[in-house]
Amino acid sequence: MTMELLKTIKRLQQVLSRDRNSGLTIGFVPTMGALHQGHLSLVERAGQENDRTVVSIFVNPNQFNDPNDLKNYPRTLEADLKLLSTLPCDYVFSPDADEIYPYPDTRKFDFGSLETVMEGHFRPGHFNGVAQVVSRLFEIVGPDKAYFGLKDFQQYAIIRKMVAMLRLPIAVFGCDTVREADGLAMSSRNALLSKDHRAVAPQIYCILQEAQKEARIFSPEEVKRHVTEKINSIGLLRVEYFEIADELTLKSVNSWEEKGTKVGCIAVFAGSVRLIDNIVFDK
Ligand code: PAF
């Protein structure tokens, strides 16, 4: 099937209701464009697990707490379409803001402690904006399955909770982070890194991997301090936070003996570009 670009909800819903009436299943990958291999791996998976795949490309103003970040966010629609045309992507939904938000979205979601820590703490309002747009896109697309990257670990937790709270009949999948050959987690923001910042950015993942080994010897508190000190000592990088949290509740972990899988989540400024990453402590 040739990939189709759709700008309006009306047109998208026409094609999707035709597909649904033919008994086809629909997979959905929401994105803000500037696509990289991480996004493409989500589209590949959606293509394998569904009859039709929809990719949305929409830079959602409501989730940017920093107006400069919104202004600088890379917008590369032509290149994105070219990449998607080589994949099992049937529909690209690329709406204008008025289409998604005909009226200001004033909904306030309450995700409890999931939204007050880490990204939620440092980017106030961010997850409310994510929930607004993802719930709206879910309502428009009505997918059977939706796919998200685990680089945005907290976002994945929030979306699972949102789907449960709204009782949506959508299966949500978290997919592994895709990395550059040198270990840097793929991100649309990597394109904004200067040459010098790009050169040191892979240190973030190296140091997270060292932390995994350190966890055999040191307490979570000590591991957090070591990671922060090591990254800050590089000079061009500045840690905003590094937290070791329970993977389900996202509550801070004080001892490795606590039950459940633990995940180390980090945000680092490389100049003015903010990078996030995470690592699972499987001990
Ligand atoms: O992860 C992203 O790219 C965005 O937060 C999402 C899920 C597409 C919502 O705008």
Side-chain angles (χ1 to χ4, degrees), residues 6 9 12 27-43 45-46 53-67 69-77 79-81 83-84 89 91-101 105 107 109 111 114-115 118-120 122-143 145-163 166 168 170-178 185-192 265 267 273-278:
L6 307 132
I9 297 172
L12 178 71
F28 179 42
V29 181
T31 82
M32 298 204 296
L35 301 182
H36 52 67
Q37 206 50 47
H39 296 111
L40 305 189
S41 71
L42 305 180
V43 179
R45 178 156 172 201
T53 296
V54 182
V55 175
S56 64
I57 297 182
F58 178 65
V59 181
N60 171 35
N62 290 13
Q63 72 186 73
F64 285 82
N65 54 313
D66 173 357
D69 192 21
L70 173 61
K71 191 169 121 247
N72 296 332
Y73 201 83
R75 290 159 172 88
T76 57
L77 185 62
D80 292 346
L81 294 175
L83 284 172
L84 289 172
C89 170
Y91 308 118
V92 181
F93 179 49
S94 165
D96 290 332
D98 292 351
E99 194 73 7
I100 297 294
Y101 300 119
D105 193 339
R107 287 174 299 160
F109 292 82
F111 297 113
L114 284 188
E115 67 178 335
M118 303 192 290
E119 290 301 284
F122 286 98
R123 301 185 67 190
H126 168 64
F127 286 124
N128 201 62
V130 169
Q132 286 175 343
V133 79
V134 174
S135 59
R136 182 88 179 100
L137 289 166
F138 278 179
E139 171 187 281
I140 294 166
V141 177
K145 296 179 180 168
Y147 301 83
F148 295 85
L150 285 174
K151 179 173 73 67
D152 295 282
F153 194 85
Q154 193 171 2
Q155 168 171 279
Y156 174 60
I158 293 269
I159 286 170
R160 269 183 315 181
K161 178 139 187 191
M162 182 194 84
V163 163
L166 301 177
L168 301 177
I170 300 171
V172 174
F173 298 93
C175 307
D176 285 344
T177 302
V178 179
M186 290 203 184
S187 163
S188 306
R189 290 187 173 86
N190 292 353
L192 304 173
C265 298
V273 182
R274 191 171 178 280
L275 302 174
I276 59 170
D277 202 347
N278 59 73

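Quick note: numbers below take in every heavy atom, side chains included, and nothing from hydrogens, waters or symmetry partners. First listed ligand is number 1; within each ligand, the first listed atom is number 1.
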Taking only heavy atoms of V133, which atoms of ligand 1 are found under 4.0 Å from at least one of them?
-> 9 (C), 10 (O)
Ignoring hydrogens and angles, state whether a donor on the side chain of Y101 or N60 is under 3.5 Å from an acceptor on the partner side chain.
-> yes
Classify the contact between I159 and ligand 1 as side chain, backbone, both or neither, using a heavy-atom distance cut-off of under 4.0 Å.
-> neither
Check: V133 and M32 side chains under 4.5 Å, non-hydrogen atoms | no
Nearest protein heavy atom with distance in Å, relative to atom 2 (C) of ligand 1 | Q155 NE2, 3.9 Å
Side chain to side chain contact (heavy atoms under 4.5 Å, CB included) partner of T53, chosen from V43, V92, L84 = V43
Nearest protein heavy atom with distance in Å, relative to atom 4 (C) of ligand 1 | Q63 NE2, 3.7 Å
Under 3.5 Å, side chain of Q154 to main-chain N/O of E115, donor-acceptor pair present?
-> no
